[in-house]
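Below, chains carry the letters A, B, ... as their sequence lines are ordered, and counting in each starts from 1.
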Amino acid sequence: MTKSSTFRLSAREWLEANCPPAMRTPPPEGGIVWAGSRVHFDSTEQQQWFERMRDKGWFAPDWPVEYGGGGLDASDTRILEEELSRLRCRAPMINLGVWMIGPVLLASGSAEQKARHLPGMARGEVAWCQGFSEPGAGSDLASLSCRAERDGDSYVVNGSKIWTSYADRSDWMYALVRTDPAAGKHAGISMLLIDMTTPGVTVKPIDLISGKSHFCQVFFDNVRVPAENRVGAEGEGWQLARDLLGHERRAMSKFGDNNVPGVDFLALARQLLPLADTASRPLLAERVARAAMDEHAYKLTLQRAHEAGRAGQDVSGLVASFKYLHSEQNRERHELLMALAGNEALGWEGDPFDETLLKLTRQWLNSYTYTIAGGTSEIQLNILARRVLGLAASGG
Amino acid sequence: MTKSSTFRLSAREWLEANCPPAMRTPPPEGGIVWAGSRVHFDSTEQQQWFERMRDKGWFAPDWPVEYGGGGLDASDTRILEEELSRLRCRAPMINLGVWMIGPVLLASGSAEQKARHLPGMARGEVAWCQGFSEPGAGSDLASLSCRAERDGDSYVVNGSKIWTSYADRSDWMYALVRTDPAAGKHAGISMLLIDMTTPGVTVKPIDLISGKSHFCQVFFDNVRVPAENRVGAEGEGWQLARDLLGHERRAMSKFGDNNVPGVDFLALARQLLPLADTASRPLLAERVARAAMDEHAYKLTLQRAHEAGRAGQDVSGLVASFKYLHSEQNRERHELLMALAGNEALGWEGDPFDETLLKLTRQWLNSYTYTIAGGTSEIQLNILARRVLGLAASGG
Amino acid sequence: MTLILGEEQRMLQDSAADFFASRLPLAANRALRDLGLTHDTQAWHEMDELGWSGIALPEELGGLAFPLSGIALIQAQAGRTLAATPLLSSNILCAGTLALCASDAQQRDWLPGLASGKLRAALALDEGPRHDPVRITLAAHRVGDNWLLDGAKAMVMDGTLADTLLVAATLDGETALFILPADSAGITRTPLALIDSRDAARFAFEQVAVAADGLLARGNAAEQVLATVLNRARICLAAEMQAISRVLFDTTLDYLKQRQQYGVLLGSFQALQHRMARLFTELELAESCVAAALSALDGDGDLALLAALAKGKTGEVALKIANEAVQLHGGIGVTDELDIGLYLKRIRVAEAQCGDHIFQRTRYAHLIQLAEAL
Amino acid sequence: MTLILGEEQRMLQDSAADFFASRLPLAANRALRDLGLTHDTQAWHEMDELGWSGIALPEELGGLAFPLSGIALIQAQAGRTLAATPLLSSNILCAGTLALCASDAQQRDWLPGLASGKLRAALALDEGPRHDPVRITLAAHRVGDNWLLDGAKAMVMDGTLADTLLVAATLDGETALFILPADSAGITRTPLALIDSRDAARFAFEQVAVAADGLLARGNAAEQVLATVLNRARICLAAEMQAISRVLFDTTLDYLKQRQQYGVLLGSFQALQHRMARLFTELELAESCVAAALSALDGDGDLALLAALAKGKTGEVALKIANEAVQLHGGIGVTDELDIGLYLKRIRVAEAQCGDHIFQRTRYAHLIQLAEAL
């Protein structure tokens with residue numbers, strides 16, 4: 001038996017024994033544990049699963065054991081992920097520390113920073129949030145204006161960050177700040193680690209058109225941050241952020257795996273179609289078929305990209321189209337279901353409405369977010385046109 | 001009785017007496033006389049109508065009598081047009097001389113040019129064509145490169161013009177040429193009158209995807225044009241062309257009045273719908289309804305612009321959208337009829353196919369022309385965005 | 001048919017614009033929502049005092065001699081600030097029905113109250129998810145001198161605040177229209193919380209007794225009257241949606257002219273320019289449809305055809321513009337702080353009410369004899 | 001199901017690409033058109049010699065042991081140069097039917113000829129403007145030992161050149177499939193001039209006698225076989241349209257990269273960039289559908305569903321790309337001199353053949369049980 005099959009068997013055995021059956025079902029909305037100092041569990045099973053994985057070091061399976069990680073190599077880490085997925089285990093927690101800033105500290109942090117921050121991340125004891133986006137900057141991240149002025153051993157931070165997920169439940173933030181306004185757009189940016197309890201930090205949750213959200217706006221009013229909390233050198237922030245965002249897809253896919261299951265488009269459409277007025281019914285059915293065909297085509301495209309990639313073909317163009325296609329198709333499906341559900345999809349809350357249809361309505365409103373967040377559809381099209389199709393920038 | 005009611009009555013009386021009844025029906029395709037030295041008549045009535053209007057001076061009703069015109073003032077000219085339209089008289093001829101270059105010569109031509117050219121235009125004895133567009137210039141007219149070099153009392157013209165309607169049946173061309181390559185894009189352009197029988201002029205008809213067309217490409221190979229045939233000063237060509245194109249809408253509307261009647265969208269759709277496969281039928285009917293609604297809305301918009309204009313409101317934005325809307329809706333209706341007619345719309349020619357459907361197929365292919373010619377849809381959208389909506393040019 | 005407003009229409013439009021801008025501006029309507037209120041009762045009384053509730057109703061019963069288009073004009077101005085009004089339910093749908101088919105006695109019983117705003121009525125029609133005025137299952141039967149109603153209505157706009165209900169029922173296989181107090185015995189009313197924060201309720205009718213004179217019309221007459229008032233309502237909703245589209249378009253255009261990204265104005269990106277230019281042409285087409293439908297509302301033009309055209313076209317265009325408005329505003333476009341979301345939600349409700357654009361398209365197909373061709 | 005080509009498939013694809021590029025390049029096909037010819041008989045013989053006509057037919061009857069996807073791959077390459085081939089009519093539709101349901105004797109009678117290319121067959125099915133395999137009115141009845149056929153077929157692809165006809169008829173209210181020589185007594189054949197210059201004919205059948213062994217299948221069996229070969233044909237047409245879309249897309253992209261207007265490259269205009277980027281995503285979606293359908297053609301996947309998906313998606317996308325290709329080329333886009341018009345016309349024909357994208361969408365709706373929901 002090879003080393004890897006041995007590991008696979010032992011991992012599988014451990015997971016079977018330690019992942020409570022209730023944790024092998026899709027989580028309800030908001031049902032994933034947000035790790036940190038104010039961690040809260042909805043159930044005993046949730047807590048068990050959290051603690052067992054933590055103690056095993058498997059919140060960060062590939063980190064060195066000295067920092068609280070599992071010490072696995074890349075191959076065993078992948079095997080562990082496969083087994084977690086095979087058993088449909090929920091993510092034991094959400095933790096931007098382990099997923100995002102942790103790897104950057106491992107690679108570029110000082111010895112002190114590693115020793116101070118990594119174990120807390122790996123044990124899920126410290127909640128981290130990301131302070132990159134700013135009001136008024138939109139997709140143009142590098143135009144950020146949140147200012148950090150050096151004052152002795154500290155930086156004094158003034159400005160604001162927006163779209164920060166769970167800032168209201170976070171202990172620390174990793175943030176991009178402008179340390180040198182005179183330098184070039186990218187060159188003047190540095191990365192700071194900011195304790196959210198520092199005086200001058202205010203967090204305001206953001207309401208969306210779909211209702212409450214995990215997004216917050218964070219305000220900094222003369223917030224003093226020790227200079228030792230700067231990651232890398234001054235002006236290196238932009239490069240570090242690029243490294244960090246390389247981990248984002250992986251992190252997002254974990255979010256994705258554990259996403260609240262959406263309403264089942266086809267099942268709901270089949271249920272609503274017979275209730276539609278006679279004249280509109282065939283037209284609605286055709287639109288459903290069209291959306292279903294588009295979704296079918298998209299799934300086949302994912303599969304084709306996977307196969308072609310494995311066969312060594314260049315699939316970068318295909319992959320660059322996924323975010324655009326997925327979010328636009330998702331919008332379209334929700335618009336259609338809204339038309340099918342008619343009056344019954346006009347509910348904001350309350351018993352008289354069917355629970356699935358209330359969920360549909362919120363999801364419809366939420367679907368607007370996906371064509372904007374993480375690079376708007378327009379940015380995606382720019383990327384496709386310029387990088388994939390090779391068209392020159394900017395004619396007018 | 002006022003002067004104008006007197007004129008209206010006498011014009012009406014004359015037209016009733018002189019316009020043969022056969023000339024009060026819509027003309028068949030190609031059924032309008034192309035005036036010029038090689039004029040050809042399909043019927044006695046056509047010839048009568050041509051000669052009577054010519055002798056009355058009403059090919060150019062508002063030109064001075066000395067140049068062969070009718071000597072009418074603007075008000076009587078409008079009354080004459082109303083009466084022609086009321087009686088549904090066909091245009092007695094197509095003549096770019098009278099409609100386009102004639103007014104420019106009247107305003108800016110030399111005395112010799114007027115005396116030499118205007119009477120032939122007003123009598124329909126000389127056919128004129130327009131040499132503006134060039135291969136490779138597209139919508140960007142001012143980038144023309146057809147070269148006219150001064151050589152003693154002549155210009156020597158080299159280059160090519162494209163999209164020249166009926167060049168193969170024309171006696172003269174008014175052309176834009178570049179007389180000064182060193183001057184600015186617009187400043188180096190002059191207007192020449194070119195005898196099409198001059199050695200070095202070659203005309204090649206253009207086949208379109210819809211078949212034969214009246215468009216030609218004209219090649220100039222060291223064509224000598226007397227300098228006295230230059231209209232206005234050197235470098236004034238661009239301004240003269242702008243004046244001239246101001247007449248184009250009026251001329252086009254005359255073309256339009258006498259256009260071959262298209263296939264009747266709704267009538268044909270109603271005829272084809274019952275023949276469609278059962279499952280597609282309601283979907284096709286909905287698409288027809290949608291196109292019909294768009295057409296209905298467009299017609300209402302024309303009416304609204306008319307009423308609002310008369311009430312003194314600014315309708316320039318509305319008017320700027322007409323070409324775009326009309327040509328795009330026209331494309332859409334043809335696409336739809338092609339789907340409805342299915343196999344029966346795949347014929348290129350020949351008896352087995354229904355005549356209306358053969359016409360549909362050619363019209364469908366022709367419908368591509370309208371979103372391109374006279375300013376592409378993209379140009380129309382640029383104009384709307386910049387002039388009407390006031391958005392700044394050129395971001396990327 | 002005329003497609004521009006007359007002098008009197010313009011004056012009403014201006015005074016409605018003033019009223020909503022000063023009395024029910026968007027901030028006030030947002031505040032109502034945050035308080036969980038569906039409308040401002042005092043402001044509604046002020047509208048009554050302006051005579052709006054009585055528009056186009058018999059003058060001798062307290063009505064106002066202004067043509068029906070007046071209500072569409074008011075509704076459009078209300079749309080701009082997202083103000084709720086009682087006019088669509090009480091006047092267009094309910095009083096309108098009474099004026100068309102009620103007996104003199106019935107008119108005397110109900111119209112003065114509705115025209116003055118002392119009574120507020122709502123139409124109980126839709127039973128399923130999508131608007132469907134021909135599939136009515138709420139049943140009426142005769143018992144002695146009375147009628148008994150049994151069944152349910154899924155979505156009655158202004159149903160919570162209404163004191164009077166106009167109910168569409170099926171009676172011996174025909175459509176019948178009844179009028180009755182909303183608190184009649186046997187009625188269960190459940191308020192609904194809608195995305196646009198307007199008033200609506202669900203109703204259950206269990207052996208609800210209606211007096212003999214509660215029957216307004218039945219059979220063909222009932223169907224025709226219902227068709228007429230629904231067409232009028234469709235035109236008012238079209239006018240409202242068009243007004244909202246215009247606000248959203250203008251707001252988005254302004255944003256594109258001010259907002260910078262990567263150092264240039266958003267509005268200078270040609271891809272966005274073309275989208276805005278296309279929306280502009282769509283908006284103007286829809287505007288013409290509304291203009292023609294306003295004429296039809298006042299008797300000049302084919303009411304059914306122009307109602308289907310206007311609601312179909314404005315609904316389609318409004319959805320498109322609302323979606324583009326959110327998208328082109330980017331991140332802030334999806335925040336509740338921005339007003340766009342409020343307009344978006346209202347459009348979704350107005351689009352569904354009295355038939356969405358797909359429904360209207362099938363109506364239009366029917367009216368131009370396309371359905372017969374099948 | 002695998003969505004990338006295997007080694008053997010790639011080899012066939014490459015040799016087909018070579019064949020059409022050298023033997024029937026676009027210029028040659030344009031020249032054929034200008035001469036009024038629908039195909040190059042000699043080149044067709046060369047295809048026969050390559051064994052293509054025998055693909056997936058029984059080896060003992062002259063067939064070639066290559067899976068059916070081979071024909072779709074060939075058809076795609078033929079599409080790139082707009083070359084006509086006999087494969088869709090003769091092999092996929094006609095020989096394919098024989099292989100599925102003919103008796104051994106019938107197979108021995110017809111298959112060797114079809115597999116070698118000595119016989120060319122065409123399917124006579126469509127009677128109305130739009131494809132409709134369930135509405136067949138051409139009638140068959142028994143007279144003694146023979147069958148008699150009466151009726152008409154409006155559009156038979158390759159009908160002029162065919163020496164053998166496969167006719168779909170209605171027999172006692174059921175579908176029945178007959179095979180007979182195309183010059184049988186009572187048949188009137190009228191050649192059609194199509195916009196894509198390919199071969200087609202209209203047929204009238206007047207008391208056409210077919211020998212007893214001319215009946216291939218009837219009832220359920222006939223319908224199922226017909227459904228199967230039509231689905232295969234749809235996939236081949238999808239592969240062809242997709243190949244054409246790719247040519248048009250690439251041509252247009254190149255043009256945008258070279259052509260200047262107002263001093264800048266056309267391709268640098270963002271509005272055009274976004275249109276091209278959207279087309280790119282559509283093209284890739286369609287490509288995946290074709291890839292899956294190729295697998296289904298070889299038995300791996302749901303043939304009916306993937307045929308509807310592939311033809312529906314490629315047809316829709318091909319029309320869109322062709323229209324954009326013309327528009328983005330501007331004035332020269334509508335000239336016959338440019339090849340775009342030829343591709344556009346071919347796409348219109350391929351889109352209509354065996355059901356356009358609207359037809360396929362209704363098929364797909366039916367197959368995923370949406371129609372049942374109504």
Please check if the number of heavy atoms outside [X] that lie under 6.0 Å from its [atom1] is greater than 12.
X        : atom1 : value
A:Lys185 : NZ    : yes
A:Arg86  : CZ    : yes
D:Glu8   : CD    : no
D:Asp250 : CG    : yes
D:Arg135 : CZ    : yes

message: We want to know whether D:Thr2 and A:Glu307 form a side-chain donor-acceptor pair, criterion being a heavy-atom distance below 3.5 angstrom.
response: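 A:Glu307 and D:Thr2 do have a side-chain donor-acceptor pair below 3.5 Å.
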
Rounded to the nearest 0.5 Å, how far apart are [atom1] of [X] and [atom2] of [Y]?
X        : Y        : atom1 : atom2 : answer
A:Leu302 : D:Ser288 : CG    : OG    : 8.5 Å
A:Gln329 : D:Leu285 : CD    : CG    : 6.0 Å
A:Gln313 : D:Ile4   : CD    : CD1   : 5.5 Å
A:Tyr298 : D:Glu284 : OH    : CD    : 13.0 Å

task: State whether the side chain of A:Arg304 and the backbone N or O of D:Ala292 hold a donor-acceptor pair below 3.5 Å, judged by distance alone.
output: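 Here the side-chain-to-backbone pair does not exist.
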
message: Could you check whether any side-chain N or O of A:Arg386 sits under 3.5 Å from a backbone N or O of D:Gln273, counting only pairs where one atom can act as donor and the other as acceptor?
response: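 Flag not set: sc A:Arg386 to bb D:Gln273 has no pair under 3.5 Å.
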
Can you tell which part of [X] gets under 4.5 Å to a heavy atom of chain D, answering side chain, backbone, both or neither?
X        : answer
A:Leu272 : neither
A:Leu325 : side chain
A:Glu378 : both
A:Phe322 : neither

I'd like to check [X] versus [Y] (side-chain heavy atoms, cut-off strictly below 4.5 Å). Are they in contact?
X        : Y        : result
D:Tyr364 : A:His296 : yes
A:Leu389 : D:Leu256 : no
A:Leu381 : D:Gln270 : no
D:Glu287 : A:Thr301 : no
A:Arg290 : D:Ile358 : no

message: One pair to check against side chain to side chain contact (heavy atoms under 4.5 Å, CB included): D:Ile368 and A:Arg270. What are the steps and the verdict?
response: CA-CA 10 Å; D:Ile368 62 169; A:Arg270 283 199 197 98; 4.1 Å; yes

field: Choice from A:Val388, A:Leu300, A:Leu384 maximising heavy atom contacts with chain D below 4.5 Å
entry: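 That would be A:Leu300.
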
Any idea which heavy atoms bring [X] and [Y] closest together, and the distance?
X        : Y        : value
D:Phe280 : A:Ser321 : CE2-CB, 4.5 Å
D:Cys289 : A:Ala297 : SG-CB, 3.4 Å
A:Ala385 : D:Ala277 : N-CB, 4.2 Å
D:Gly267 : A:Leu391 : O-CB, 3.5 Å

[X] versus chain A, heavy atoms under 4.5 Å apart: side chain, backbone, both or neither?
X        : value
D:Leu367 : neither
D:Gln261 : neither
D:Leu306 : side chain
D:Ala308 : backbone

- request: Would you please name every residue forming a ring-ring contact (aromatic ring centres under 6.0 Å, His included) with D:Phe359, sequence neighbours left out?
  value: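 Counting only residues at least two positions away or on another chain, D:Phe359 forms a ring-ring contact (aromatic ring centres under 6.0 Å, His included) with D:His131.
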
- request: For each of D:Met276, D:Arg275, D:Arg278, D:Lys313, tally heavy-atom pairs with chain A at distances under 4.5 Å, and name the one with the top tally.
  value: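 Heavy-atom pair counts peak at D:Arg278.
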
